[in-house]
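Structure record follows, encoded as structure tokens.
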Protein chains: 2
Amino acid sequence: MQKIYNIGVEATLEVIGGKWKPVILCHLNHHGKIRTNEFRRLIPGISQKMLTSQLRELEQAGLINRKVFNQVPPKVEYSLTPYGQGMEPILNMLCTWGEKHVEFLQDKGEEVLLKQRDEDIAIQQTS
Amino acid sequence: MQKIYNIGVEATLEVIGGKWKPVILCHLNHHGKIRTNEFRRLIPGISQKMLTSQLRELEQAGLINRKVFNQVPPKVEYSLTPYGQGMEPILNMLCTWGEKHVEFLQDKGEEVLLKQRDEDIAIQQTS
DNA sequence: GTACGTAGATTACTTTTGGTTACTTTTGAA
DNA sequence: TTCAAAAGTAACCAAAAGTAATCTACGTAC
């Protein structure tokens with residue numbers, strides 16, 4: 001049974017469509033390696049279930065890597081695969097467009113805030 | 001009540017998130033002006049309701065223009081606003097990434113097809 | 001005066017997505 | 001002996017997204 005796309009972007013959306021995937025990918029693009037709990041701090045709104053399911057799907061699509069360290073307590077690290085790195089230009093533009101858009105909304109008088117606290121949170125435990 | 005984004009891409013997704021919006025925008029980026037029924041041919045899978053609701057939301061966000069010609073039968077033409085044109089680099093990359101991805105899947109032996117019949121359909125009625 | 005074409009609204013219905021809560025696993029520390 | 005930490009899973013439920021079918025409006029062509 002054949003899958004048919006009418007335009008390239010439809011195939012792209014099949015991979016990164018969904019509420020959280022672009023967010024996850026942008027953080028990975030930004031930080032390199034990220035552990036599960038770091039994701040939860042970087043993306044406060046996401047539930048445990050969504051986080052793992054989205055990570056699994058991105059892994060299946062070949063965009064991200066899941067590296068399990070055999071230790072207790074467990075440690076799992078996610079990162080972009082080389083194939084996923086092919087998305088970097090897109091991820092960067094999605095982020096910067098959003099930043100500009102927030103400024104645009106603020107200029108219009110809307111009450112919007114961009115936290116971008118990445119730097120603060122980033123690498124706290126280098127375990 | 002303030003809206004808070006943790007990273008730029010979240011703001012971007014608020015505007016172009018959803019199954020159809022990037023597809024609509026890509027077609028507009030590609031063709032310039034598109035009428036309602038042209039959209040239905042370009043995006044066979046979309047329902048009437050989704051098409052108009054997504055177009056309305058994109059219009060509200062200031063990305064697209066809705067031009068009504070006062071004639072019978074009705075004619076409505078959609079196009080990117082200057083603000084929406086700021087998305088063009090992103091839209092182009094989303095399309096070309098998808099095209100490459102389809103090739104990648106085909107090389108892996110998956111049964112995937114990219115129609116990209118845009119040229120065929122495009123401007124049939126110049127009314 | 002009947003049917004056509006275009007754009008869209010409405011309603012009722014189904015499917016998909018996402019959230020909540022509770023439970024699991026393993027080992028070292030209190 | 002019981003707990004804590006990290007990364008999950010599983011079962012259930014609510015909400016959102018999406019679909020199909022029908023209805024409106026109107027001027028033109030037949």
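Heavy-atom basis, side chains included; hydrogens, waters and symmetry copies ignored. Because the structure is a prediction, the values reported are computed rather than measured. Order of the sequence lines fixes the chain letters, A, B, ..., with proteins taken first and strands second; residue numbering starts at 1 for each chain.
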Can you tell which of [options] lies closest to the side chain of [X]?
| X | options | result |
| --- | --- | --- |
| Val72(B) | dT19(D), dT6(C), dG27(D) | dG27(D) |
| Lys19(A) | dA9(C), dG18(C), dG8(D) | dG18(C) |
| Thr52(A) | dT9(D), dG8(C), dA7(C) | dT9(D) |

Tell me the closest heavy-atom pair linking Arg35(B) and Pro74(B), and the distance in Å. NH2-O, 3.4 Å

May I ask you to check whether His101(A) and Tyr83(B) show a side-chain donor-acceptor distance below 3.5 Å? yes

Less than 4.5 Å apart, side chain to side chain, heavy atoms only: is that true for Trp97(B) and Glu99(B)? no

Taking atom C1' of dA7(D) as reference, at what distance in whole Å does atom NZ of Lys67(A) sit? 17 Å

Answer yes or no: does a side-chain N or O of Tyr78(B) lie under 4.0 Å from OP1 or OP2 of dA7(C)?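 Result: no.
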
Under 4.0 Å from OP1 or OP2 of dG8(C): is there any side-chain N or O of Thr36(B) that close? yes

Base dT19(D) paired with Lys49(B) side chain (donor-acceptor, <3.5 Å): yes

Closer to the 5' end of DNA chain C via nearest nucleotide, is it Pro74(B) or Met50(A)?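 Mapping each residue to its closest nucleotide by heavy atoms, the 5'-most match is Pro74(B).
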
I want to confirm an ordering. Mapping Gln48(B) and Gln54(B) to their closest nucleotides on DNA chain D, which one lands closer to the 5' end?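 Its nearest nucleotide being more 5', the pick is Gln54(B).
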
Could you tell me whether Phe69(A) contacts a base, only the sugar-phosphate backbone, or nothing, with contacts defined as non-hydrogen atoms closer than 4.0 Å?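 Here Phe69(A) touches no strand at all.
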
